[in-house]
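This report refers to the structure that appears directly beneath it.
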Amino acid sequence: MKYTVFLFFLAFINYSCSQIKSKPITEVSQDELKTIVLVDVRTPEEFNAGHLEHALNINWLDANFQTQITEQIAKDKTVYVYCKVGGRSAKAADKLTALGYTVVNLEGGYDTYKKAKH
């Protein structure tokens with residue numbers, strides 16, 4: 001019985017630690033942006049129409065998304081990802097986590113950020 005409880009506890013800890021962190025895009029501080037890699041996973045056209053300062057554009061829809069990520073971002077860096085409203089960044093965050101990155105998905109996306117700034 002104790003062994004079963006212990007295994008359940010370990011599984012719970014592993015599950016909770018593997019969850020992708022998220023935070024509202026409007027709560028990202030300028031200090032945070034100095035210590036992380038900010039990735040905009042929208043298309044280049046969307047990115048060129050407006051983006052967060054210092055964001056790196058790596059299009060989630062590109063066939064070589066994973067290659068671009070691994071070539072441009074070291075795994076010891078924390079990666080914040082965002083897109084237009086949150087769908088693509090959630091998928092990208094899952095992929096990055098599976099690749100071994102520490103990831104924070106910025107909820108609400110660029111549309112929410114723009115609304116908050118106006």
- To the nearest 0.5 Å, atom NZ of Lys114 lies from atom NE2 of His51 at 13.0 Å
- Message: To the nearest 0.5 Å, what is the distance between NZ on Lys75 and OG1 on Thr102?
- Response: 11.0 Å
- Item | Nearest-0.5 Å distance that lies between atom CG in Leu96 and atom CD1 in Ile69 | 5.0 Å
- Message: Looking at Tyr101 and Ile73, would you say the former's side chain and the latter's main chain have a donor-acceptor pair under 3.5 Å?
- Response: yes
- Message: Contact between Thr43 and Arg88 at the side-chain level, heavy atoms closer than 4.5 Å - yes or no?
- Response: yes
- Rounded to the nearest 0.5 Å, how far does CG of Leu106 lie from NZ of Lys21? 13.0 Å
- Message: Tell me whether Glu27 contacts the main-chain N or O of Pro24 through its side chain, where contact means a donor paired with an acceptor under 3.5 Å.
- Response: no
- Treat each ILVMFWY residue as a node, draw an edge where side-chain heavy atoms are under 4.5 Å apart, and state whether Val104 and Leu33 are in one component. yes
- Message: If I compare all heavy atoms of Glu32 with all of Val28, which pair ends up nearest, and what's the gap?
- Response: OE1-CA, 3.4 Å
- Message: A side-chain contact here means heavy atoms from C-beta on lying under 4.5 Å apart; do Ile25 and Tyr80 qualify?
- Response: no
Kindly list each side-chain donor-acceptor pair under 3.5 angstrom involving residues 55-62, sequence neighbours excluded, with atom names and distances?
residue, atom, partner, partner atom, Å
Asn57, ND2, Asp40, O, 3.1
Asn57, ND2, Arg42, O, 2.9
Asn59, OD1, Leu61, N, 2.9
Asn59, ND2, Asp62, OD1, 3.3
Asp62, OD2, Gln68, NE2, 3.2

- Message: Is there a side chain to side chain donor-acceptor pair (under 3.5 Å) between Tyr110 and Glu46? Walk through the geometry before answering.
- Response: CA-CA 10 Å; Tyr110 188 71; Glu46 291 172 302; over 6 Å; no
- Task: Verify the cluster assignment for Leu99 and Phe65: are they in a single hydrophobic cluster under the rule of side-chain heavy atoms below 4.5 Å apart?
- Result: yes
- Item | Charged N-O contact under 4.0 Å between Lys34 and Asp31 | yes
- Counting only heavy atoms not in Lys23, do more than 12 sit closer than 6.0 Å to its NZ atom? yes
- Message: To check you understand the geometry: which heavy-atom pair defines the closest contact between Asn105 and Ser89, and what is its length?
- Response: OD1-OG, 2.6 Å
- Message: Would a single hydrophobic cluster contain both Leu52 and Val81, if residues Ile, Leu, Val, Met, Phe, Trp and Tyr are joined by side-chain heavy-atom contacts under 4.5 Å?
- Response: no
- Rounded to the nearest 0.5 Å, how far does NZ of Lys117 lie from OG1 of Thr112? 12.5 Å
